[in-house]
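Just below is one structure, and these are the notes that go with it.
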Amino acid sequence: MRKKIVLIDGHSILNRAFYGIPDLTNSEGIHTNAMYGFLNIMFKFLDEEKPDYLTVAFDLPVPTFRHVMYKEYKGTRKAAAPEFKQQVPLMQDLLRSMNINVVTCEGFEADDIIGTIAKTSARDGLDVVIVSGDRDLLQLCEEHIKIRIPKTKKGGTEVEDYLPENVFETYGVTPLEFIDVKALMGDTSDNIPGAPGIGEKTATKLIAQYKSMENVFEHLDELKPKQKENIGNNIELLRQSKILVTIKTDVDLGFKLESAGLDDMFNADSYELFKRYNFKNMLSKFDKNMPQKELEVYDNFKEVTEFSEVEDIFNKVKEMVESGKQIGLAVLAEESLSGIALSLSDEEIYYIPCTGFVNENYLVTRLREAIKLADGRLIVTSGLKSVLKFLDTTSLYEYSDVPENAFLDVSVGEYLLAPNNESYDYVALARTYMDINVPARAELIAKDSLEKASQTNNENLVKYACLQSYIYLKVANNILDNLKKMDMYDLFINMEMPLIFVLYEMEKQGVRVDKQELIDYSAVLAEKIEALEASIYKAAGEEFNINSPKQLGVILFEKLGMPVKKKTKSGYSTASDVLEELAVDYPIVNDILEFRQLAKLKSTYADGLTEYIGEDSRIHSNFNQTITATGRISSTNPNLQNIPIRMEMGKLFRKVFIPREGFSFIDADYSQIELRILAHMSGDEKLIESYNSDVDIHRATASHVFNTPLEEVTDLQRRNAKAVNFGIIYGISSFGLSKDLSISPKEAKQYIDQYFESYPSIKDFIDGLVENAKENGYSITMFNRRRPIPELKASNFMQKKFGERIAMNAPIQGTAADIIKIAMIRVYDELKKANLKSHLVLQVHDELLVEVANDEIEKVREIIEKGMKEAAKLKVSLEIDLNVGKNWLECH
DNA sequence: GCCGTCACG
DNA sequence: ACGTACGTGACGGCT
């Protein structure tokens with residue numbers, strides 16, 4: 001068997017990866033997309049070729065012999081993007097860390113290195129595979145030298161493979177003749193001139209016929225007069241071109257095959273770098289090489305079913321908790337409880353399945369006994385909100401006897417430390433804090449439910465459970481230390497941890513929805529939609545799927561010939577702002593707009609919400625605490641934070657949200673909380689004064705900006721001022737404002753300039769926000785919540801601007817999120833303390849909806865008012881609008 | 001699984 | 001020149 005060597009054209013593959021993979025940045029702001037793409041391509045080829053040897057060749061950033069002989073060589077090539085450049089040396093270091101042979105050679109290019117190694121290796125009896133993004137290398141092709149050119153197509157990479165016969169099929173010339181083709185036609189990207197007027201077609205034809213450039217020179221008389229002139233007048237230049245495009249195969253490299261062996265690619269050094277660059281899905285490659293750390297622990301995972309043993313474990317847990325020691329807890333529950341895992345130490349990690357005498361009641365009882373003994377945050381877990389569900393489902397106990405401060409939720413803690421992350425599960429925590437890559441749920445128990453997994457693959461289920469409890473316990477103090485270091489311990493302990501209990505209660509309570517009303521409304525919508533459909537089909541002259549932007553685009557812009565105002569990546573934009581413009585001239589478009597609106601209402605709200613109404617006539621949506629980068633909470637399954645309010649047709653959905661019998665709703669929302677926060681944080685006297693004198697804030701802004709007495713501010717001026725106020729909060733840009741107000745960016749800029757002239761301290765404030773964020777790499781709220789902004793380090797103009805807008809917005813939006821979280825906790829605590837039946841049901845960013853017992857309305861009104869208004873002490877007052885009603889529409 | 005669209009703050 | 005306002009989630013269509 002011939003041995004095989006793979007040769008990679010480092011620069012060209014890295015470059016291809018850079019443009020093929022969207023920008024990626026690690027937490028330090030280092031761009032990693034090219035490296036990531038390179039590794040993907042490299043692993044793919046290693047996998048396919050299974051070579052014995054591997055070498056990656058790179059250019060050096062110094063002139064080569066080509067530059068010396070022809071000073072215009074690569075002259076017009078524009079400088080590479082800095083995001084690319086910075087990755088070149090990093091890539092080389094990364095490869096070296098993987099013990100991969102990286103070769104460079106002063107005075108020569110990567111092509112020459114590859115050419116030399118390829119030819120010598122082939123001569124020495126190896127199979128050679130060259131991987132490059134560049135067709136220039138095709139000239140190296142021969143029986144045992146294959147060229148592979150990866151192409152990034154959407155849906156994966158395709159590879160073009162070239163052996164000599166493929167080169168001939170594709171180009172009609174042999175690999176060696178390819179050099180002459182190239183010399184004749186030139187190469188604009190390398191600034192090689194070639195003969196004027198001779199392109200790829202002609203050059204190929206001539207070489208196919210005459211076999212070499214020199215032979216073409218011999219037969220100039222047989223050419224067309226123009227070609228004869230173009231080539232004949234440039235013979236010297238063309239000879240030089242040929243030297244330039246000929247890849248050297250005799251460079252003195254001192255290449256040793258032994259040093260190109262593949263050995264120990266996945267070692268501790270490379271692991272560090274993979275982790276640093278956040279190549280998460282590649283870390284599993286290290287598994288079989290670095291298992292030591294994990295295996296030890298896996299051996300200590302133990303399933304315990306013997307009743308007396310379970311008793312012993314719980315007794316030990318109680319002892320530990322009593323003496324102030326932390327334990328790790330993971331609860332495995334879906335429809336029902338499968339079991340719990342307890343981690344007491346590195347040696348004692350137990351999975352206790354829920355079976356036999358060890359039933360749910362038993363487990364809950366014993367666990368609660370331990371929790372009640374905890375003085376301090378000793379019960380370490382993740383997803384505490386769902387753990388509470390398990391602790392609460394028993395009929396044996398009152399849930400409220402469990403002390404809140406017994407728990408520590410490591411995922412919520414990690415969210416504060418890195419709110420941009422997408423996951424805070426045990427896999428992510430193990431990577432971040434323990435440098436290990438542990439199997440994810442999907443790897444252990446596939447798509448099975450937990451119940452099914454316990455029957456089919458119990459061993460993996462035990463591993464899944466124990467791993468979690470083990471990791472939670474392991475990382476807890478690291479996370480606490482980091483929170484303290486970053487001054488977020490208070491935020492964690494006094495805001496995020498207590499909030500878990502509030503959100504749990506809200507989810508548990510849910511909100512009542514009138515199912516029949518929803519179903520009826522769906523039917524009404526269906527009827528209207530059908531009528532609109534008929535009218536649209538008639539106007540279009542055919543039936544089509546109006547919900548398909550693609551089909552709709554064809555009808556509107558091709559068949560009906562409407563002017564194209566805006567395009568998307570994949571075709572014509574049919575977004576509502578575009579359609580609204582068209583509606584003036586084409587009445588059919590109004591029907592389409594209405595159809596869209598009603599279709600949305602029907603699918604998302606009428607039919608969508610109906611699905612979620614439970615046996616208790618209530619919707620129990622999920623409030624997620626670890627999603628947003630700014631600190632807001634989000635709502636899913638269903639999303640109850642985007643129930644319509646602005647449009648008449650949509651509003652009606654608020655009517656189906658109703659309180660239970662004997663209860664009412666109180667809805668309270670902050671009045672312009674973000675602008676008030678801006679007033680406070682900036683300390684701007686004018687804005688503070690406006691709020692303290694209780695004038696309409698947008699009117700006051702208009703008065704200042706347009707230099708008009710308050711009473712004379714026109715509606716238009718007020719509207720403009722309002723838009724500017726929003727703009728300030730979003731991170732102002734003249735372009736965004738101009739779009740919002742349908743004015744020119746120039747006019748928008750004037751408004752902004754005028755605003756900043758009127759409010760200089762606000763300008764200073766937001767400039768300061770950006771400046772601080774640039775200096776620190778993150779923004780910060782009044783309550784110390786951080787948001788890292790890696791975008792600020794981008795050299796891409798757009799991205800940096802985006803980072804700047806985030807830096808302006810995040811502290812304001814985040815502080816508002818902090819404040820309403822405080823309010824929620826206070827309202828929750830007060831309701832509980834007063835032993836009231838009323839409870840929070842929804843939070844919509846600046847609004848709280850409370851289901852209130854009819855005999856508690858006045859008390860609860862006071863609690864809400866106090867809780868919200870006094871949630872933070874600002875330089876301006878926090879005002880709320882509060883209403884009582886019999887449905888959500890009525891009280892908002 | 002991504003895109004375009006649109007619902008909310 | 002670049003080509004956008006900040007933060008979310010769900011749906012239908014399409015690949």
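All values below were derived from every heavy atom in this structure, side-chain atoms included, with hydrogens, water molecules and symmetry-related copies excluded. Convention: sequence-line order gives letters A, B, ...; per-chain numbering from 1.
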In terms of side-chain heavy atoms of [X], which of [options] is nearest?
X	options	answer
Pro549(A)	dG9(C), dG9(B), dT5(B)	dT5(B)
Met798(A)	dG4(B), dC8(B), dG3(C)	dG3(C)
Asn547(A)	dC14(C), dA5(C), dG12(C)	dG12(C)
Phe797(A)	dC2(C), dC8(B), dG4(B)	dC2(C)
Lys739(A)	dA5(C), dC2(C), dC11(C)	dA5(C)
Phe802(A)	dC11(C), dC6(C), dT5(B)	dC6(C)
His845(A)	dG7(C), dC6(B), dG13(C)	dG7(C)
Tyr605(A)	dT4(C), dA7(B), dG9(B)	dA7(B)
Ser570(A)	dC8(B), dG4(B), dG7(C)	dG4(B)
Ile806(A)	dC6(C), dG4(B), dG9(C)	dC6(C)

Nearest-Å distance for atom pair [atom1]/[atom2], residues [X] and [N]:
X	N	atom1	atom2	answer
Asp577(A)	dG4(B)	CG	P	14 Å
Arg787(A)	dC6(C)	CZ	C1'	8 Å
Leu552(A)	dT5(B)	CG	C1'	11 Å
Lys722(A)	dG9(B)	NZ	C1'	13 Å
Lys565(A)	dG3(C)	NZ	P	22 Å
Gln597(A)	dC6(B)	CD	P	10 Å

Can you see if the side chain of [X] gets near the phosphate of [N] - specifically, an N or O under 4.0 Å from OP1 or OP2?
X	N	answer
Arg805(A)	dT4(C)	no
Ser634(A)	dG9(C)	yes
Thr604(A)	dG9(C)	no
Ser576(A)	dT5(B)	no
Arg646(A)	dG9(B)	yes
Gln551(A)	dC14(C)	yes
Thr568(A)	dG4(B)	yes

Go through the N and O atoms of the side chain of [X] and the base of [N], and report whether any donor-acceptor pair is under 3.5 Å.
X	N	result
Lys600(A)	dC11(C)	no
Ser733(A)	dT4(C)	yes
Arg596(A)	dT5(B)	no

Q: Kindly say whether Asn547(A) contributes a backbone atom to a donor-acceptor pair with the side chain of Gln551(A) at under 3.5 angstrom?
A: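 No, because the side chain of Gln551(A) does not come within donor-acceptor range (under 3.5 Å) of the backbone of Asn547(A).
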Q) With no hydrogens and no angle check, do the side chains of Glu879(A) and Tyr691(A) hold a donor and an acceptor under 3.5 Å apart? A)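 Not at all, the side chains of Glu879(A) and Tyr691(A) share no donor-acceptor pair under 3.5 Å.
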Q) Does dC3(B) pair with anything, Watson-Crick or G-U wobble, both distances under 3.5 Å, and if so, with which nucleotide? A)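 dG12(C) is the nucleotide pairing with dC3(B).
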Q.
Need the pair for dC2(C). Rule: Watson-Crick or G-U wobble, both distances under 3.5 Å, any strand; none if unpaired.
A.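 Across all strands, not a single nucleotide pairs with dC2(C).
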Q) Do other residues, nucleotides or ligands put more than 12 heavy atoms under 6.0 Å from Lys559(A) NZ? A)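 Yes, the 6.0 Å shell around NZ holds more than 12 heavy atoms from other groups.
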(Q) So, applying side-chain hydrogen bond (donor to acceptor under 3.5 Å, both in side chains) with Tyr572(A), which one of Glu558(A), Lys565(A), Lys550(A) is it? (A)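 Option passing the side-chain hydrogen bond (donor to acceptor under 3.5 Å, both in side chains) with Tyr572(A): Glu558(A).
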Q. Taking the P atom of each, how far is dT4(C) from dT5(B), in whole Å?
A.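 Per the computed distance, 13 Å lies between those P atoms.
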Q. Any salt bridge between Arg785(A) and Glu496(A), counting N to O under 4.0 Å?
A.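 Judged by the 4.0 Å cut-off on N to carboxylate O distance, Arg785(A) and Glu496(A) do form a salt bridge.
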Q: Salt-bridge test for Asp577(A) and Lys739(A): reply yes if a basic N is under 4.0 Å from a carboxylate O, no otherwise.
A: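 Judged by the 4.0 Å cut-off on N to carboxylate O distance, Asp577(A) and Lys739(A) do not form a salt bridge.
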**Q.** Pair Tyr521(A)-Tyr605(A), ring-ring contact (aromatic ring centres under 6.0 Å, His included): steps then yes or no
**A.** CA-CA 10 Å; Tyr521(A) 197 39; Tyr605(A) 300 104; over 10 Å; no
